[in-house]
2 protein chains.
Amino acid sequence: MSVKEQLSTNKPVKGTSKAGTQDDVVYAHIFDAILEQRLAPGTKLNEEALGEIFGVSRTVIRRALSRLGHEQIVILRPNRGAVVASPTIDEARQVFLARRIVEQAVTEQAVLHATKEQIEIIRGMVVEEQACFDRGDRGAGIRLSGEFHLQLAKMARNAPLLNFQRSLVSQTSLIIAQYETGGKSHCSFDEHNQLIAAIESGEQAKAVELMMHHLDHIEAKLNLDGEGASDDLHAVFSHLISR
Amino acid sequence: MSVKEQLSTNKPVKGTSKAGTQDDVVYAHIFDAILEQRLAPGTKLNEEALGEIFGVSRTVIRRALSRLGHEQIVILRPNRGAVVASPTIDEARQVFLARRIVEQAVTEQAVLHATKEQIEIIRGMVVEEQACFDRGDRGAGIRLSGEFHLQLAKMARNAPLLNFQRSLVSQTSLIIAQYETGGKSHCSFDEHNQLIAAIESGEQAKAVELMMHHLDHIEAKLNLDGEGASDDLHAVFSHLISR
DNA sequence: TCACGTTGTAATGTATGCAATTTTTTCAGT
DNA sequence: ACTGAAAAAATTGCATACATTACAACGTGA
């Protein structure tokens, strides 16, 4: 099925589901492409080029980019176009701090409000996630492990938290894609399964503890110690500056 | 100074500051108009009408509305236009729950990272806020008391939290405008001043406690007990339905 | 050779016109 | 009158053309 055809039929793209206007489809495609690292951080997102690729006008592309910009997964520079965000180490730390705060609340609320149907759904998602890693599809795996946390936020029944979680999860995926070391499995599905169990049985404190450790493990697998290459000249040569 | 002139000069609008393209100006104007209740919840935002008012094309209006939509302060209904959001009581409760979570974290971080200059700035903001209420400018007062909490988030030095806070504060202002009872002063500047003092002296636990009480007081002044009129027929006649 | 201003090109910002959809109005039938 | 269908009007979605801005290449003068 060509991209153009997908635009006419209103079927959602892979994981990301949303129906309606055309920019939803474009949004979802770019979104997935970034999360699955088919678009590297820093890549310039040319409006006309994207328009030709998706067979739509710049108007539609522009709207999609605007939305991605609001989620901080692309950066919109006035008069200079959009680029895929490339979070600095400091920004990455801020995202993880924010996530700890939100995930704690989300977990507590999810324990209170989760329905049986939602537990079923999220169980299925973990299975699918594991399948992705088994077959070596790292990109889709990262995306699905993110969607696990999104589903959790849905179970918390709090729209603002869900929206914020959406933004944080996207940014986290970007960070993982950029800073993950080794290449080992990031989100161990085992931890995801334990979390589900704790939530289902209503063990709030335990669920929160599991979640915090889970986040610790994710962050521990990253290379956030500042050893990576930098494009900030001042930072690179800071040791030479006396002041 | 006419609106058109303000569009050409790049001066920011009142409190909301942001420079760059035209939709920034339009965004800020509509934003302020909503927070100051010159635009009532539920008001339809006609693109062409707004375009004539601001002397710009629908393209610009559209972009501004899109951004307001992402902050959940206007609702974008595909093919049916945008309306000023009118949060339900349940949504209002969700916003307050989210705010408690974020404000706690923000306060803790602000205690850790606040600079003297920032303390000065926020002191000035409280003075200005008080002046607004003294002179009876309720709308500007609501907006400024919101900006107090935004400034706090800036002091926390965490970009994602700041963004989220921005959205939550906007929504809170809408909720206050919609549900506040009596008409007494909502955000007592006294509480704001106490908070500043606690933050300045580094008393983290006390600052958080003050903040939580502050939020309690705000919510207490609202009429969220479901006595208000509703436009949801099912909700209105739910007591008649046996099921 | 380097600094710096100039010009040309490419990309973004904005306006406008047409197509598709929704909402309102009209009007026949009961 | 009231209901419901059909036509008309209004409004949004999208594409395209033009204006404006940033970037790069080039050339000039020290």
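Each chain gets a letter, A, B and so on, in the order the sequences are listed, and its residues count up from 1. Computed from a predicted model, the values in this text were never measured in an experiment. Values reported hereafter were calculated over all heavy atoms of this structure, with side chains retained and with hydrogens, waters and symmetry mates removed.
- The separation between B:Glu52 atom CD and C:dA15 atom P is 13 Å, rounded to whole Å.
- The shortest distance between the side-chain N/O atoms of A:Thr59 and the OP1/OP2 oxygens of D:dC14 is not below 4.0 Å.
- Look at CG on A:Asp23: it is 6 Å from P on D:dC14, rounded to the nearest Å.
- Atoms CG (B:Asp24) and C1' (C:dT14) sit 14 Å apart, rounded to a whole Å.
- One can place CZ of A:Phe54 at 17 Å from C1' of D:dC14, the figure rounded to the nearest angstrom.
- Within the model, atoms CD1 of A:Ile73 and CZ of A:Arg166 stand 12.0 Å from one another, a figure rounded to the nearest 0.5 Å.
- Between the side chains of B:Gln22 and B:Tyr27, no donor-acceptor pair is found at a separation under 3.5 Å.
- Between the side chains of B:His149 and B:Glu103, at least one donor-acceptor pair of N or O atoms lies under 3.5 Å.
- For the pair B:Arg58 CZ and C:dG17 P, the interatomic distance rounds to 12 Å; values are reported in whole Å.
- Aromatic ring pairs are classed by plane angle as parallel below 30°, tilted from 30° to 60° and perpendicular above 60°; the pair A:Phe164 and B:Phe164 is parallel.
- Applying the salt bridge (charged side-chain N to carboxylate O under 4.0 Å, His left out) criterion to A:Asp137, with sequence neighbours excluded, gives A:Arg135.
- In this structure, the CZ atom of A:Arg77 is 12 Å from the P atom of D:dA22, given to the nearest Å.
- Both B:Ala82 and A:Ser57 lie near DNA chain D, and the one whose nearest nucleotide falls closer to the 5' end is B:Ala82.
- Checking B:Arg99 against B:Thr172 by side-chain atom types alone, a donor-acceptor pair falls below 3.5 Å.
- Between A:Leu50 atom CG and C:dA11 atom P there is a gap of 12 Å when expressed in whole angstrom units.
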Using atom names, set out every protein N or O paired with an N or O of nucleotides 8-11 of chain D below 3.5 Å, distance rounded to 0.1 Å.
from: D:dT11; atom 1: OP1; to: B:Asn46; atom 2: ND2; distance (Å): 3.4

